[in-house]
2 protein chains.
Amino acid sequence: MANLKQVAERAGVSSATVSRYLNGSLSLPEATSASIDAAIAALNYRPNPFARSLSRGRTDLIRMVVPDIKAPFFSALVAAVENAAYAREQELAISVTLNRPGRETRYLDSVSDRHVDGLIFVTNHPQVAPLKSRIDAARRVVLLDEDVPGAVAPRLFCDNEGGGYLAGRYLAERGHRCVAVIGTGDEMHSGAARYGGFMRAFDELYGTDAQVLRKAGAYTIEDGRRLCAEVLDAGPGVTAIFAMSDELVMGTLDELAARGLRVPQDMSIIGFDDILPLDYFATPITAIRQPVEELGRMAVEILLDTDWDDPAARSRVEILPVRLVERSSVASVAPPSKATDQQEKVR
Amino acid sequence: MANLKQVAERAGVSSATVSRYLNGSLSLPEATSASIDAAIAALNYRPNPFARSLSRGRTDLIRMVVPDIKAPFFSALVAAVENAAYAREQELAISVTLNRPGRETRYLDSVSDRHVDGLIFVTNHPQVAPLKSRIDAARRVVLLDEDVPGAVAPRLFCDNEGGGYLAGRYLAERGHRCVAVIGTGDEMHSGAARYGGFMRAFDELYGTDAQVLRKAGAYTIEDGRRLCAEVLDAGPGVTAIFAMSDELVMGTLDELAARGLRVPQDMSIIGFDDILPLDYFATPITAIRQPVEELGRMAVEILLDTDWDDPAARSRVEILPVRLVERSSVASVAPPSKATDQQEKVR
DNA sequence: TCTCGTTCGTAAATCGGTTTACTAAACGGA
DNA sequence: TCCGTTTAGTAAACCGATTTACGAACGAGA
């Protein structure tokens with residue numbers, strides 16, 4: 001493989017000339033540039049990216065850190081980021097943490113290393129102390145999808161609160177008054193916001209005249225089963241479940257099926273994420289759709305275009321809208337005798 | 001950020017000493033090594049990976065090229081490769097081609113660039129001429145999941161032929177004699193092998209006394225719909241469809257649903273890949289399961305452990321077994337009047 | 001003819017490591 | 001005491017670019 005010097009020799013100029021010509025910091029007469037081009041073509045020259053990174057101090061490599069890549073939401077997010085990174089001519093390194101704290105900090109340090117120009121950081125477990133300070137130290141970190149409280153970094157989320165609200169409103173409007181919410185607890189930004197939005201909707205429609213059972217766990221299929229079981233075991237009143245992720249929806253479906261309960265006749269379900277082909281499920285599942293493509297694109301934009309010396313820019317928070325995709329997993333329940341109460345309240 | 005020289009100064013030795021100590025090519029007395037360790041800790045030194053790559057001529061970076069990352073099979077494959085790469089302390093760059101030939105060659109060239117140490121190359125479209133020569137030129141390329149005919153590179157596939165055979169056998173044993181196979185045509189290694197295996201099973205059981213309709217397209221949902229429609233439009237006899245990928249299964253389900261046909265009462269289905277949660281589908285889908293985890297692990301192993309100067313090693317072909325996961329999308333059909341024929345044949 | 005300003009281009013330092021070849025000092029044995 | 005062998009370490013070249021600061025040649029205007 002040819003290097004700059006060989007190209008320069010063949011073209012009869014110095015390597016500095018070739019370098020500057022290639023980088024546009026020098027304009028050359030036709031004859032010279034032609035001979036350089038010819039030499040490059042003849043030797044099939046391509047610059048060594050490591051030498052280039054070394055001298056420029058930039059790598060054109062960004063890293064995306066995700067808890068898992070098989071999970072549909074994350075794989076969609078990775079795809080979106082890859083796409084955006086490609087468009088910006090950035091190399092993308094993917095790193096999976098499986099939520100092991102050691103891996104997260106290790107990857108955060110790779111920014112301080114100058115190993116990568118920046119990080120798109122996605123986590124989905126409650127934060128422990130060291131993370132915040134590592135993020136602060138790394139600079140050039142964009143927090144995507146989930147928050148790390150206290151860290152100084154731009155953030156990009158979907159409208160979790162609004163999504164929760166849409167879900168709550170949708171259930172409440174269809175007469176569900178005794179419902180369950182399964183997802184993460186308040187230790188997670190997303191869980192807190194989705195629950196908060198959900199409750200806002202219920203409060204609006206029913207005030208205190210409703211029952212919302214909340215069960216908290218992780219965004220996994222297993223916890224979907226477990227939390228759904230807890231809900232069912234808690235008593236017979238619940239008519240609908242808001243499951244905060246695709247995985248939780250799957251787990252919930254498992255548990256319902258195991259007990260012979262039908263969706264939506266025996267139990268209504270509304271989900272969140274909507275990456276899986278919920279259309280194809282036994283009962284197509286109504287869910288809040290995350291704007292994955294936009295999240296990915298915007299994360300890359302923020303990473304590359306933020307002025308990292310500007311404190312305001314570094315604490316920017318961006319919220320992207322979600323929408324409800326209606327399918328057929330939510331039934332309307334006959335309004336209970338107290339329905340008039342509700343109407344009075346609305347007035 | 002500190003560099004080697006600063007560490008060396010603080011430790012009172014030369015930078016060569018520190019470098020060699022760190023790389024184990026020099027053993028030092030306790031006192032010296034302690035002072036180096038102290039300097040490293042004090043300055044929070046971490047080697048610059050680009051300088052290191054530049055001088056060593058290795059990058060410890062491998063690239064995985066996939067057509068798409070959202071598709072369930074590929075995202076599972078990427079996850080498996082990431083996992084294996086992490087275990088081998090290799091950085092992983094993910095590149096998505098969307099089957100654009102320009103991107104594929106570009107990434108292949110990144111091996112010749114010394115940009116990455118090697119490539120795990122996954123494609124899923126019929127090959128055009130330039131690819132083979134680029135692969136040959138790149139060396140250090142592992143072909144995963146799909147073949148590029150003629151290229152000199154180690155290959156790693158699942159047992160497509162065996163999987164096709166399992167599917168064919170399963171349908172045939174349940175009395176299906178008039179079936180359809182939808183997938184890629186013979187221009188793709190996987191499509192040819194799966195179809196071949198399928199036909200082998202049918203030939204074994206039925207000889208010429210069966211009808212297999214083959215429709216070819218890409219591994220996409222849309223083509224699943226289209227090919228299924230073609231099958232249905234071709235006439236009423238078909239009782240089962242072998243769909244060669246998760247996407248084709250989805251498309252098939254779409255088309256069947258659109259026509260009000262039930263699975264498996266009106267049409268049996270058997271799939272391939274089995275990455276999607278087929279358990280959760282309206283009718284849980286029986287499918288051939290690909291050994292994704294093993295494929296990923298082994299691809300990394302081959303990439304890193306192959307002796308690239310050994311022609312035999314470079315033309316190695318590895319086939320991993322598949323298995324059939326039985327669910328409930330295949331019905332048994334009442335043996336037609338000619339069932340005796342079959343028995344005669346078997347004898 | 002003598003500046004002055006372009007145009008065209010180069011030498012050399014630098015980025016931060018690795019590695020080869022070599023040496024100074026200490027040590028051990030005769 | 002002298003020589004050979006370890007031990008402990010270093011100087012310097014090198015990987016392949018970028019970039020700063022500078023200079024030669026040339027044409028134009030006075």
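Quick note on labels: first sequence line is chain A, next is B, and so on, each numbered from 1.
- Panel note: side chain B:D117, backbone B:D60; a donor-acceptor pair is recorded below 3.5 Å.
- Here B:T32 lies in heavy-atom contact (under 4.0 Å) with sugar-phosphate atoms only.
- A:L26 comes within 4.0 angstrom of a base, heavy atoms only.
- Below 30°, between 30° and 60°, or above 60°: for B:H115 and A:F50 the angle between ring planes is above 60°, a perpendicular geometry.
- Between B:E104 and B:R134 there is no salt bridge, since no side-chain N of the basic residue sits under 4.0 Å from a carboxylate O of the acidic one.
- Nearest heavy-atom pair, A:S19 versus A:L4, reported as atom, atom and distance to 0.1 Å: CB-CD1, 3.7 Å.
- In this entry the distance linking CD of B:E30 with C1' of D:dA8 reads 15 Å, nearest Å.
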- [ ] Do nucleotides 13-19 of chain C as a string where each nucleotide becomes B, S or -: B if the base has a protein heavy atom under 4.0 Å, S if just the sugar-phosphate does, - if no protein is that close.
- [x] --BBBBB
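- Contact annotation for A:P29: backbone-only contact, meaning every heavy-atom pair under 4.0 Å involves sugar-phosphate atoms and none involves a base.
- Under a 4.0 Å N-O distance rule, the pair B:R316/B:D307 does not qualify as a salt bridge.
- A salt bridge does not link A:R314 with A:D136: none of the charged nitrogens is closer than 4.0 Å to a carboxylate oxygen.
- The separation between B:D113 atom CG and D:dA17 atom P is 10 Å, rounded to whole Å.
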